[in-house]
**Student:** 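Quick one: this structure, given as structure tokens, is what I'll be asking you about.
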Amino acid sequence: MTTYFSEPQSMYYRFGEDQDQVLKVLAERYIGANAQADFVYRVFQKSGILQNEKGLYDLNLGKRFPDAPKDHISYAAALVWGDEDRNLDVLVRCYGPVRFYFNEQLVYRSTVMDEISPDATVKLSIDIKPGWNTIWLEMKNTPAGFGCQFGSDEGKVRILNVYAPFQERQGQAGWVFSQPNPATSKQPDLLGKEADYSLNWLPETGWSDEDKTKPAFERIFGNLAGKHAYAWTHLNNNDSTGNAVRLSGQSSGSLSIWISGKPVAQVKEAGPFEVDVTASFGRSDLLVRSEYDDTAGPWHFNLNATVSGKPLSLELPQRVHGANGESWLYVGPFESEVEPDLADLTRTDRVYQTGLEQTYWRLDRPDAWIRPYYENAMLSNKWTVGSVTNYGRWDYPLGVTVYGLLRTGRYLQRPDITRYAAEHVQACTQMYEYSLWDREQYGFPAVNQQLVMLKMLDNCGSFGSAMLEAYSECHEPTFLPIAERIADFMLSRLERQEDGAFYRTCVGEYAENTMWADDLYMSTPFLVRYARVTGNSAALDEAARQFSLYRKYLFMPEFKIMSHVYDFKYGQATQIPWGRGNGWTLFSLTEVLEALPTEHPERPALIDFFNELCEGYAALQGESGLWHQVLNVPQTYEEASCTAMFAYGFARGVRFGWFKDPEVYVTAAERAWKGLICKAIDRQGSVHGVCSGSRYAFTAEYYDQDLRTVTNDNHGIGIMMLAGTEVAKMKKHLAEHRVSSPAVSHS
């Protein structure tokens with residue numbers, strides 16, 4: 001029998017049958033461990049190294065240095081932060097000879113075949129250590145090519161953020177790379193000073209001598225007749241007397257000035273200006289609109305703020321790592337007839353229509369923009385790690401986590417929990433339009449990677465379902481347009497077999513031409529909620545139809561359970577009933593059955609399918625109340641996430657009256673929940689015994705030996721909360737109806 005901790009450490013030992021306390025601790029531990037940390041904003045220079053659509057950094061130096069002499073060498077360097085020991089697979093695709101050093105150790109030297117084969121991709125495993133890790137690429141120019149592509153395998157999931165080395169670039173995102181050199185250079189101290197080394201590093205961080213003579217608006221935007229732009233800063237008023245703030249300066253054209261969204265000054269003509277305004281104590285948004293007047297010289301303005309003759313400081317309105325010494329953000333230039341919404345001009349989750357194009361905030365540096373990143377670790381100016389958080393990430397395990405928090409918050413009547421869950425979703429969706437623009441500008445988005453690079457159900461269905469579940473909590477206007485895009489992907493563009501069944505083409509990948517039981521969860525709960533919110537009954541019909549189709553391919557009638565995968569390359573199912581794959585199936589089927597009208601033609605067959613599956617699962621429940629990683633192989637370890645999903649499905653079947661003989665499932669659900677709080681959930685609310693994310697195989701050994709359990713894995717936390725709430729609702733339902741015969745239907 002699997003043991004994850006001693007009995008006194010269990011949730012059952014601490015709280016016994018007090019289900020509300022268990023749910024409270026589960027939710028509060030998760031929220032406490034995942035602070036509502038915003039995205040991290042960094043300086044990024046578009047003239048630097050960009051990513052391609054697969055997330056690989058494209059160091060095609062042949063394009064950058066077309067006249068580089070043969071055999072000259074360029075270097076590229078970057079830093080990677082590790083908050084703990086972890087392993088990462090990286091890919092290298094060579095344009096020419098490449099050497100890759102990680103933490104000053106040679107990891108890879110390209111071969112002739114790597115260099116001349118256009119499709120050759122080398123996968124390497126690197127061990128990231130806590131603290132700063134260094135990447136050093138040495139690339140030689142040959143007639144065949146110069147440079148390489150470099151990045152993480154499955155870049156939209158395993159995000160590899162790189163940071164600029166050297167103290168002068170501290171906090172900036174991206175690579176540095178050198179101009180070609182005739183001789184080999186030793187790797188410098190990448191945490192030291194750039195000025196200490198003779199190599200000429202790009203991209204340049206400072207303006208040229210000529211540009212330094214120009215005012216900020218001219219060197220950023222040029223001199224553009226009829227155009228206008230905005231500058232945004234924070235005014236830090238440290239005067240407590242209430243005296244007026246004097247704004248003074250000079251402008252090449254008309255200026256409009258707002259403080260905290262209120263107009264305070266209008267300068268109509270070029271020249272010096274001086275105006276007294278009211279500003280509250282502390283920090284206030286100060287926004288300036290400048291219009292270019294081609295009769296008044298170069299485009300510029302400058303502004304100073306004083307109180308009683310004492311200067312007040314201006315500082316960046318958004319913390320931007322790597323922007324030391326900057327005070328203003330700039331956006332524009334706008335066509336004369338285009339006026340952005342004033343309220344949108346003091347926030348960083350918007351892109352701005354300038355006319356036919358869009359733009360975003362930038363700095364007074366060469367080609368330097370501010371760029372938000374999703375980062376596992378929050379870094380301070382001293383380059384030390386702060387906290388690790390899942391907040392703000394869009395991916396499928398977090399979809400079920402958010403759903404679990406929403407249901408738990410409602411059950412416990414805890415609006416703080418539901419608000420946290422809804423705000424996690426909002427953090428993603430409010431940046432959606434920006435993330436589309438980010439991909440267009442830089443090749444690969446720095447936030448919302450899976451949603452933007454939408455290619456499979458994993459990328460959208462789970463979190464999209466949680467998004468629609470959260471809609472009733474906040475009515476966030478960004479939710480429905482994203483839901484429309486996901487629905488269009490599922491209903492119109494997703495790969496299907498000839499009979500209409502969803503499957504994965506994944507050309508050239510390990511999962512090519514396969515169907516996964518998991519994808520019932522990745523699709524049907526979203527379709528159910530989409531139909532509910534929009535009234536689109538075709539989405540609900542599709543969800544019901546997919547279950548009938550998947551049954552045809554994956555159902556194992558001798559056990560009345562589901563194979564994990566059907567592999568169309570071999571024309572057969574793997575016949576391995578992975579626990580969580582079956583859990584996803586039952587979980588999702590209950591969501592569809594709850595939504596299907598009584599008269600729906602698919603409903604009788606799906607009720608029968610539900611009973612078949614539950615009969616098969618109940619027969620395989622272990623003595624401890626838990627199910628095994630491979631359901632029909634008791635030698636495999638006991639796994640918590642599938643157990644929670646079976647408890648969830650059984651409890652809902654009892655409560656909604658879908659069982660012909662519910663008593664078996666009342667007992668099974670209660671045993672499963674007790675097994676979880678005794679063996680998988682400890683008294684601090686940590687969740688144990690959840691297997692890591694899976695690929696697939698034709699042998700049980702892969703699932704048992706290669707997929708080991710992870711503590712507090714996001715595949716299991718949300719479903720524990722969902723199982724707990726559903727078992728509690730089942731008990732309440734039975735107590736209220738005082739029945740031992742089949743439960744009253746609530747369908």
Side-chain angles (χ1 to χ4, degrees), residues 41 43-44 46 214-236 245 247-270 273 275 277 279 283-294 296-305 314-320 323 326-372 430-431 433-434 437-438 441:
Y41 288 78
V43 176
F44 182 80
K46 190 179 176 183
K214 302 174 183 178
F217 268 68
E218 181 186 13
R219 63 187 172 216
I220 295 172
F221 303 120
N223 293 321
L224 303 170
K227 301 293 181 71
H228 58 278
Y230 293 84
W232 175 28
T233 188
H234 266 169
L235 172 67
N236 191 7
V245 173
L247 303 180
S248 61
Q250 187 155 342
S251 171
S252 62
S254 66
L255 285 185
S256 300
I257 304 174
W258 296 264
I259 293 180
S260 299
K262 297 179 181 179
V264 296
Q266 183 76 40
V267 179
K268 295 184 178 181
E269 297 179 356
F273 65 88
V275 61
V277 302
R283 289 162 51 125
S284 302
D285 286 307
L286 194 161
L287 184 69
V288 176
R289 179 190 186 277
S290 174
E291 186 169 335
Y292 177 60
D293 181 348
D294 58 0
W299 193 1
H300 78 277
F301 85 90
N302 59 65
L303 181 148
N304 299 298
L314 303 177
E315 57 189 37
L316 282 180
Q318 170 69 53
R319 187 178 188 196
V320 180
E326 302 285 343
S327 301
W328 294 87
L329 298 179
Y330 302 88
V331 67
F334 294 87
E335 300 290 343
S336 58
E337 69 278 7
V338 177
E339 292 292 346
D341 189 326
L342 184 66
D344 283 348
L345 282 168
T346 50
R347 53 196 301 171
T348 55
D349 59 357
R350 295 288 187 271
V351 289
Y352 304 98
Q353 198 73 38
T354 61
L356 297 178
E357 299 180 347
Q358 291 180 316
T359 192
Y360 189 64
W361 294 105
R362 58 190 303 177
L363 295 161
D364 183 13
R365 295 185 185 180
D367 208 18
W369 303 76
I370 71 167
R371 194 176 182 195
Q430 289 174 356
M431 291 297 289
E433 289 297 329
Y434 168 80
W437 181 86
D438 188 285
Q441 297 301 305

**Student:** Is the backbone N or O of Gly355 less than 3.5 Å from a side-chain atom of Gln353, with the two atoms forming a donor-acceptor pair by type?
**Tutor:**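 Answer holds: yes.
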
**Student:** Can you tell me how far apart CD (Glu335) and NZ (Lys227) are? Round to the nearest 0.5 Å.
**Tutor:**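 Rounded to the nearest 0.5 Å, the CD-NZ separation comes to 4.0 Å.
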
**Student:** Sort out for me which residue in Lys214, Arg362, Arg365 forms a side-chain contact (heavy atoms from CB on, under 4.5 Å) with Ile220.
**Tutor:**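 Result: among Lys214, Arg362, Arg365, Arg362 is the only option passing the side-chain contact (heavy atoms from CB on, under 4.5 Å) with Ile220.
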
**Student:** What's the shortest heavy-atom distance between Thr354 and Val338, and which atoms?
**Tutor:**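 Scanning both residues, the minimum pair turns out to be O-CG2, 3.7 Å.
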
**Student:** Are the aromatic rings of Trp299 and Tyr292 close, with centres under 6.0 Å apart?
**Tutor:**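 Yes, the ring of Trp299 comes within the 6.0 Å limit of the ring of Tyr292, centre to centre.
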
**Student:** Counting C-beta onward and ignoring hydrogens, is there a side-chain heavy-atom pair between Pro372 and Met431 closer than 4.5 Å?
**Tutor:**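 They are in contact (side-chain heavy atoms under 4.5 Å apart), so the answer is yes.
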
**Student:** Within a reach of under 6.0 Å around CD of Glu337, are more than 12 heavy atoms found that belong to other residues, nucleotides or ligands?
**Tutor:** yes

**Student:** List in chain and number order the residues that pass side-chain contact (heavy atoms from CB on, under 4.5 Å) with Gln441, two or more places apart in sequence or in another chain; answer none if no residue qualifies.
**Tutor:** Lys46, Trp437

**Student:** Find the distance between CZ (Arg347) and CD (Gln430) and round it off to the nearest 0.5 Å.
**Tutor:** 6.0 Å

**Student:** Quick one: pull up CD in Glu326 and CG in Leu363 and give me the separation to the nearest 0.5 Å.
**Tutor:**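 Answer rounded to 0.5 Å: 5.0 Å.
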
**Student:** In terms of side-chain geometry, is the basic nitrogen of Glu433 or Arg350 positioned less than 4.0 Å from the acidic oxygen of its partner?
**Tutor:**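 The answer is no: the pair does not qualify as a salt bridge.
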
**Student:** Parallel, tilted or perpendicular: which one describes the rings of Tyr360 and Tyr434, with boundaries at 30° and 60°?
**Tutor:** tilted

**Student:** Tell me which one of Trp361, Phe217, Tyr230 satisfies ring-ring contact (aromatic ring centres under 6.0 Å, His included) with Tyr330.
**Tutor:**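 Filter result, single survivor: Phe217.
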
**Student:** Would you call Arg283-Glu315 a salt bridge at under 4.0 Å N-O?
**Tutor:** yes

**Student:** Rounded to the nearest 0.5 Å, what's the gap from OG1 on Thr346 to CG on Asp341? Could you check?
**Tutor:** 9.5 Å

**Student:** Could you pull out the closest heavy-atom pair between Ser327 and Thr233, with the gap in Å?
**Tutor:**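 Closest approach of Ser327 to Thr233, heavy atoms only: O-OG1, 2.8 Å.
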
**Student:** How far does NE2 of His234 sit from CG of Leu316, to the nearest 0.5 angstrom?
**Tutor:** 9.5 Å

**Student:** Out of the candidates Leu303, Asn304, Val267, only one should pair with Leu247 under the side-chain contact (heavy atoms from CB on, under 4.5 Å) rule; please name it.
**Tutor:**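 Result for side-chain contact (heavy atoms from CB on, under 4.5 Å) with Leu247: Leu303.
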
**Student:** Not counting sequence neighbours, which residues clear side-chain contact (heavy atoms from CB on, under 4.5 Å) with Asp293? List them please.
**Tutor:**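 By the side-chain contact (heavy atoms from CB on, under 4.5 Å) rule, Asp293 matches Thr295, Ala296.
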
**Student:** Side-chain contact, heavy-atom cut-off 4.5 Å: Thr348 with Trp232?
**Tutor:** yes

**Student:** Would you tell me whether Gln250 and Asn302 have side-chain atoms, one donor and one acceptor, within less than 3.5 Å of each other?
**Tutor:** no

**Student:** Where do Tyr41 and Ile370 come nearest, in terms of heavy atoms and distance?
**Tutor:** CD2-CD1, 4.0 Å

**Student:** Quick one: side chains of residues 254-261, donor-acceptor pairs under 3.5 Å with protein atoms, not counting sequence neighbours, listed by atom name and distance.
**Tutor:**
| from | atom 1 | to | atom 2 | distance (Å) |
| --- | --- | --- | --- | --- |
| Ser256 | OG | Gln266 | OE1 | 3.0 |
| Ser256 | OG | Gln266 | NE2 | 3.1 |

**Student:** For the atom pair CD (Glu291) and OG (Ser251), what is the distance rounded to the nearest 0.5 Å?
**Tutor:** 10.0 Å

